[in-house]
Amino acid sequence: MKRKILYISSEAYPLIKTGGLADVAGSLPTALHNNDQDVCLLLPAYQTILDKLSEKKVVAETSHYGQEIRILETTLPGSSIKTWLVDCTQMFDRPGNPYLADDGISWPDNAERFALFAQTAVDIALNRCGLSWQPDVVHCNDWQSALVPALLKTFPKGPATVFTIHNMAYQGIFSSQTFFDLGLPAGLWGMYGLEFHDQFSFIKGGLVYSDRINTVSPTYAKEIQQAEFGYGLDPLLNHRSQQLSGIINGIDTDVWNPETDKLLVQNYSRDSLRGKLENKLVLQKQLNLPVKKGIPIIAMISRLVEQKGLQSILDAMPELMQLPLQIVILGSGEKHYEEALLDWANQFPDKLSLTIGYNEVLAHQIEAAADMYLMPSTFEPCGLNQLYSLCYGTLPLARNVGGLADTVIDTNDLTLADNSANGFIVSQNTAESLLSTLKQALETYQNQKLWKQLQHNAMSPDRSWQSSALQYIDLYEKAIQDNSHRF
Ligand code: ADP
Ligand code: GLC
């Protein structure tokens with residue numbers, strides 16, 4: 001059935017991206033559209049986005065917290081998805097990262113910024129600002145849009161709501177005073193509402209009030225109901241387990257496809273992997289590494305934060321630097337990780353290439369050039385880089401958590417026999433475990449016939465959005481049904 005979906009996110013590729021959420025919000029709406037859904041995307045009008053727009057069409061106006069707000073209309077580049085931008089100079093028209101000031105600390109007015117974003121989303125969701133479009137479902141993502149389901153449930157009638165958890169580690173926690181300063185409906189306060197240990201939690205808006213909750217892999221949906229991964233919200237998620245599910249992320253195969261990727265030196269495919277080697281030799285030269293085709297490159301393109309297993313990598317470094325390999329890291333994040341990696345890169349320039357920063361072109365080139373991809377995450381809701389790696393025939397070394405457990409299949413006799421093996425599992429969050437898996441991978445790499453078989457396995461499955469988009473459409477129907485019981 002054709003439904004109207006308002007898809008709300010704080011980032012969407014290619015307009016603004018800090019992580020995987022942008023990849024999802026930049027591609028799932030198109031997959032829904034291709035399956036006959038009427039989807040509109042809603043984003044804050046950050047300066048980075050405004051700078052990219054050639055024309056700015058104001059289609060509606062509203063105001064909240066004493067601020068004038070314009071709704072701008074554009075199209076998500078490379079798609080036909082109608083995109084509305086919440087344009088409020090004071091809140092969003094500032095340089096840099098959407099969430100952080102230059103010093104790496106959260107913008108001090110983040111609660112107000114994303115409360116204003118949510119209030120404006122509610123105006124649109126209730127068709128109150130003259131856009132003549134009444135959504136059937138409002139689909140929110142992560143804490144930045146999590147107040148929307150809460151606010152919508154304070155109205156007697158409204159669209160169904162779905163909330164997707166991309167990462168439980170980011171919850172949007174502020175002081176209780178902030179809740180009252182924002183003039184939010186008093187009925188939303190309390191332990192069964194937005195209060196979390198005397199503080200104000202944005203994410204609880206999504207977890208308590210949405211008709212349906214999902215996360216981005218089936219395994220993470222189970223993990224967050226346990227204390228180890230639940231950050232204190234596991235009892236609430238257990239309570240809502242009937243409405244909680246996991247849907248694995250797909251990837252945008254127009255952007256991530258080694259056969260057509262225009263950023264590569266040479267395109268290649270599952271059946272013709274020779275071009276991959278060409279990418280490797282060029283990258284080695286470009287990064288000043290010894291140009292040697294037989295030495296495996298192990299890559300990592302990532303936010304440099306604890307989640308991504310940086311501690312186990314650093315602990316393993318002394319031994320890693322003695323192994324026959326080259327490591328290529330592209331990333332940015334916590335300063336202490338950047339500095340520690342830089343120290344190793346300076347000591348072993350022939351073994352470790354480190355590029356600090358954010359570089360999309362290089363990210364594609366590394367995926368194509370590398371032989372293996374390192375992702376020993378402590379937790380991973382879904383993970384996109386292991387999916388890109390699999391498509392590029394770059395075999396992942398990954399922890400068996402979250403979406404990694406659902407997509408990376410360890411190489412052993414059984415999985416080799418049924419042609420499902422596509423990578424190597426690191427079973428513990430320790431340097432020893434990482435090194436032992438890596439040594440197994442290096443040994444396997446020596447058997448190039450077997451390696452090619454693993455690459456073939458990795459590159460064969462369809463990792464596009466199609467099957468997950470159908471699961472979202474099904475979830476929307478369930479949300480509509482649950483919401484209808486309110487009346
Ligand atoms: P997360 O969202 O937790 O950071 P994901 O694996 O879901 O992890 O998505 C990360 C996305 O960000 C991928 O598209 C990855 O290629 C990209 N990315 C991360 N760091 C960089 C970087 N330094 N340069 C370019 N792309 C990056
Ligand atoms: C989050 C998670 C990552 C996931 C991404 C997109 O940032 O850390 O695992 O792939 O969201 O859903």
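We use all heavy atoms of the structure for the numbers below, so side chains are in, but hydrogens, waters and symmetry mates are not. Start at 1 and go down the list; that is how both ligands and their atoms are numbered.
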task: Go through ligand 2 atom by atom and flag the ones less than 4.0 Å from a non-hydrogen atom of V24.
output: 6 (C), 12 (O)
- prompt: Is Q471 atom CD crowded by more than 12 heavy atoms from other residues, nucleotides or ligands, each under 6.0 Å away?
  reply: yes
- line: Residue pairs passing the salt bridge (Lys or Arg N to Asp or Glu O under 4.0 Å) test with at least one member in residues 213-240, sequence neighbours excluded, are none
Which pairs of nitrogen or oxygen atoms, taken one from ligand 1 and one from the protein, are under 3.5 angstrom apart?
unit_1	atom_1	unit_2	atom_2	d
ligand 1	2 (O)	G20	N	2.6
ligand 1	3 (O)	R303	NH2	2.8
ligand 1	3 (O)	K308	NZ	2.8
ligand 1	4 (O)	R303	NE	2.7
ligand 1	6 (O)	L384	N	2.9
ligand 1	6 (O)	N385	N	3.4
ligand 1	7 (O)	L384	N	3.4
ligand 1	8 (O)	K308	NZ	3.1
ligand 1	9 (O)	G20	N	3.3
ligand 1	14 (O)	K17	NZ	2.8
ligand 1	14 (O)	D23	OD2	2.7
ligand 1	16 (O)	N385	OD1	3.3
ligand 1	16 (O)	N385	ND2	3.4
ligand 1	23 (N)	G357	O	2.8
ligand 1	24 (N)	N359	N	3.0

message: Would you say the rings of H139 and F163 are close, in the sense that their centroids are separated by under 6.0 Å?
response: no
query: Backbone, side chain, both or neither: what part of L21 comes under 4.0 angstrom of ligand 2, heavy atoms only?
result: backbone
- prompt: What is the nearest protein non-hydrogen atom to atom 12 (O) of ligand 2, stated with its residue, atom name and distance?
  reply: H166 ND1, 2.7 Å
query: Within a reach of under 6.0 Å around CG of D102, are more than 12 heavy atoms found that belong to other residues, nucleotides or ligands?
result: no
Ring geometry between F200 and F174 (parallel below 30°, tilted from 30 to 60°, perpendicular above 60°): tilted
message: Check whether Y13 forms a cation-pi arrangement with K17 (NZ or CZ under 6.0 Å from the six-membered ring centre, at most 45° off the ring normal).
response: yes
field: H239 NE2: over 12 foreign heavy atoms closer than 6.0 Å
entry: no
- prompt: Between C382 and ligand 2, is there a nitrogen or oxygen pair with a distance under 3.5 Å?
  reply: yes
message: Can you report which non-hydrogen protein atom sits closest to atom 3 (C) of ligand 2, along with the distance?
response: E380 OE2, 3.4 Å
Contacts of F114 that satisfy ring pair (Phe, Tyr, Trp, His ring centres under 6.0 Å) - sequence neighbours left out: W143
task: Please identify each residue that fulfils ring pair (Phe, Tyr, Trp, His ring centres under 6.0 Å) with H364, with sequence neighbours left out.
output: W256
statement: Within the 4.0 Å heavy-atom cut-off, what N249 brings close to ligand 2 is side chain
- prompt: What atoms of ligand 2 come within less than 4.0 Å of a heavy atom belonging to G383?
  reply: 3 (C), 4 (C), 9 (O), 10 (O)
